[in-house]
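The next block holds one structure in the form of structure tokens; read it before the comments.
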Amino acid sequence: MKKKGLSMKQKQSTAGWMFLVPAIILICCFSLYPALSAFITSLKTGTGTNLTFTGLTNYIRAFQDDVFVQSLKNCFFYLIIQVPVMLVMALILATLLNNPKLKFRGFFRTAIFLPCATSLVAYAIIFRSLFATDGFINSVLLKMGILSEAYNFLGNPLSAKIVIIIALVWRWTGYNMVFYLAGLQNIDYSVYEAAKIDGASPIQTFFRITVPLLKPTILMTAIMSTNGTLQLFDESMNLTNGGPGNASITMSHYIYNMAFKGVPNFGYTSAMSFIILILVAILAFVQKKVGEDNDQ
């Protein structure tokens, strides 16, 4: 006689689905459906809710829009300079702070990570005050005799971008350092001691042991940093307000302006948002392939 009821395998499968179904429903409601709705909206043109289907018109318009093209160039400018500098600094700091013989390691780790815990708006306003014409940076440079008169850092296109890069590096270096520290914790310290006995210099140890063993973590942080930089908003909005003359504006900032300032154009802004999504996906795929090829 076969016993009635579910088998152990069926019970485990049922329990698994009971845990997954609520998450699947939430993802569908708050991620997949809005994304699908936004894609459909991107194929329409018009203002407000008066939208008509026009196909890929918005996508073509985006690359003919001088401000959007400028914001795209700005994002890649930030990406090319800020991300490598930030990741290299994070890796070097993580290596130094992973030394068990270093005193006050906990204090230094906390101090470097602390900027990441600050409010995005607050730190952007602080940096705006620091680099103002009557701010702390100008005061120091004037007293040291480096400048003869106050320099308008936020009024010059190149220096405004550099200020944003400095702010990004200050805030996010500690965040990436934590990932590298976690990866270094999994490397037996005896490996470094053996390299030291064999006569390897600190630089050789760094490039021959630390970097190769941290490749998966470096790849992950590179993809995350690329994703975050292409979606940059707070610094452009609160630090430079996209100025001067849209010289430092980012794609997300421009999308915000088109969607919520003046007459809203949701079809066009949805198209620009999907362009960002496509760029992030392509760069993440390229970085992943490059990382895999180097491991072979």
Open item on the list: Can you tell me how far apart CG (Leu154) and CG (Leu239) are? Round to the nearest 0.5 Å.
Closed with: 6.0 Å
Task: Heavy-atom closest pair, residues Gly199 and Gln204 - done: O-OE1, 4.2 Å
Open item on the list: Nearest 0.5 Å, please: how far is SG in Cys75 from CD in Gln70?
Closed with: 10.0 Å
What pairs of donor and acceptor atoms, side-chain ones from residues 165-175 against any protein atom, are under 3.5 angstrom apart with sequence neighbours left out?
{"unit_1": "Arg171", "atom_1": "NH2", "unit_2": "Cys116", "atom_2": "O", "d": "3.0"}
{"unit_1": "Arg171", "atom_1": "NH2", "unit_2": "Thr118", "atom_2": "O", "d": "2.5"}
{"unit_1": "Thr173", "atom_1": "OG1", "unit_2": "Val169", "atom_2": "O", "d": "2.5"}

What side-chain donor-acceptor pairs closer than 3.5 Å can you find for residues 21-33, not counting sequence neighbours?
none

List the atom pairs, with distances to 0.1 Å, where a side-chain N or O of residues 129-139 and a protein N or O form a donor-acceptor pair under 3.5 Å, not counting sequence neighbours.
{"unit_1": "Ser129", "atom_1": "OG", "unit_2": "Ile125", "atom_2": "O", "d": "3.1"}
{"unit_1": "Asn138", "atom_1": "OD1", "unit_2": "Tyr151", "atom_2": "N", "d": "2.9"}
{"unit_1": "Asn138", "atom_1": "ND2", "unit_2": "Ala132", "atom_2": "O", "d": "2.9"}
{"unit_1": "Asn138", "atom_1": "ND2", "unit_2": "Thr133", "atom_2": "O", "d": "3.4"}
{"unit_1": "Asn138", "atom_1": "ND2", "unit_2": "Tyr151", "atom_2": "O", "d": "2.9"}
{"unit_1": "Ser139", "atom_1": "OG", "unit_2": "Gly135", "atom_2": "O", "d": "2.9"}

Open item on the list: Would you say that more than 12 heavy atoms from the other residues, nucleotides or ligands in this model lie under 6.0 Å from the NZ of Lys261, or not?
Closed with: yes
- [ ] Check Arg208 against Pro212 and note the closest heavy-atom contact, atom names and distance.
- [x] O-CG, 3.4 Å
TODO: May I ask you to decide if Leu232's main-chain N or O and Thr250's side chain share a donor-acceptor pair within less than 3.5 Å?
DONE: yes
Task: Pairs where residues 58-67 contributes a residue and the test side-chain hydrogen bond (donor to acceptor under 3.5 Å, both in side chains) is met, not counting sequence neighbours - done: Ser42-Tyr59, Asp65-Tyr254, Asp65-Tyr268
Task: Which atom of Leu120 lies closest to which atom of Glu235, heavy atoms considered - done: CD2-OE2, 4.0 Å
Which pairs would a plain distance check flag for residues 85-102, meaning a side-chain donor or acceptor within less than 3.5 Å of a matching protein atom at least two apart in sequence or in another chain?
{"unit_1": "Thr95", "atom_1": "OG1", "unit_2": "Leu91", "atom_2": "O", "d": "2.8"}
{"unit_1": "Asn98", "atom_1": "OD1", "unit_2": "Gln185", "atom_2": "NE2", "d": "3.0"}
{"unit_1": "Asn99", "atom_1": "OD1", "unit_2": "Lys101", "atom_2": "N", "d": "3.0"}

Task: Minimum heavy-atom distance Gly106-Thr110, with the two atoms named - done: O-OG1, 2.8 Å
- [ ] Please round to the nearest 0.5 Å and tell me the distance separating atom OG1 of Thr226 and atom CD of Gln82.
- [x] 9.0 Å
Task: Between CD1 on residue Ile81 and CD1 on residue Ile162, distance to nearest 0.5 Å - done: 7.0 Å
Task: Qualifying ring-ring contact (aromatic ring centres under 6.0 Å, His included) pairs with a residue from residues 68-116, counting only residues at least two apart or across chains - done: none
Open item on the list: Using a 6.0 Å cut-off, check whether atom CD1 of Ile203 has over 12 heavy atoms from anything other than its own residue.
Closed with: no
